[in-house]
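A short write-up of the structure that comes next.
Whatever order the structure lists them in is the order used to number ligands and atoms, beginning at 1. Note that this is a predicted model, so its numbers are computed, not measured.
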Amino acid sequence: MRAPNHKLTEPWRFAILTGASALRFAELRRAHRATRFPDPAAPEAAKAIDKTYREARETTAFIIVMCANSDDPVRQDDDFAATMMAIENLLIAATAEGLGTYLRTGGIMLDAAVRELAQAPAAHRIVAIISLGYPAEAQEPKRRTDPSEKTVWLD
Ligand SMILES: Cc1cc2nc3c(=O)[nH]c(=O)nc-3n(C[C@H](O)[C@H](O)[C@H](O)COP(=O)(O)O)c2cc1C
């Protein structure tokens, strides 16, 4: 709620899936993944689909993040940026609590059944799905470029 948002539009909505709704989401992820293969029953495909399902089943909670749509392209961008900043705040807060997080986007965000599960308001689109839980093992941070390569200091 504290994230910067232009004109205080507060464009974000969050649906927090736990328990039965998290299980339902795992099923929807499995079904969505299956659509990505010409033959979902082929052994390689079945293995990949099952991996997606198992990982989702092992995830304690999901946060489906939604953002208000706007006919004004400037506001659309501002609201999307604000929602993403809210997400970053959320990820930092969760990490500080010892939780593990993972952010995903992708075609599943357009899935009508996922929208229904999240009770997405008609005027909002899903912009990210965050996995959340206490991590089974600590993960080393992934590679990042040194900030000096991305920054110019001017006076
Ligand atoms: C807008 C956005 C969308 C992303 N979508 C996906 C995704 O759909 N699937 C995925 O595996 N990673 C996705 N990622 C990447 C991961 O969340 C993660 O940031 C990346 O793998 C780097 O890992 P790290 O943040 O642990 O260093 C996305 C990241 C961003 C910022």
Side-chain polar contacts of residues 13-34 - donor-acceptor pairs under 3.5 angstrom, sequence neighbours left out - could you list them?
| from | atom 1 | to | atom 2 | distance (Å) |
| --- | --- | --- | --- | --- |
| S21 | OG | T18 | N | 3.2 |
| S21 | OG | T18 | O | 2.9 |
| H32 | NE2 | R36 | NH2 | 3.1 |
| H32 | NE2 | I108 | N | 3.4 |
| R33 | NE | T52 | OG1 | 2.9 |

Q | Pair S70-D72, side-chain donor/acceptor within less than 3.5 Å | A | no

Q) Do the side chains of I129 and V65 get nearer than 4.5 Å, heavy atoms only? A) no

Q. Is the shortest distance from a Lys or Arg side-chain nitrogen in R54 or E58 to a carboxylate oxygen in the other one below 4.0 Å?
A. no

Q. Can you pull the residues with any heavy atom under 4.0 Å from ligand 1?
A. Y102, L103, R104, T105, K142, R144

Q) Any side-chain heavy-atom pair from R75 and T9 closer than 4.5 angstrom? A) yes

Q) When you look at V127 and W12, which way does the side chain to side chain contact (heavy atoms under 4.5 Å, CB included) test go after all the steps? A) CA-CA 10 Å; V127 294; W12 43 68; over 6 Å; no

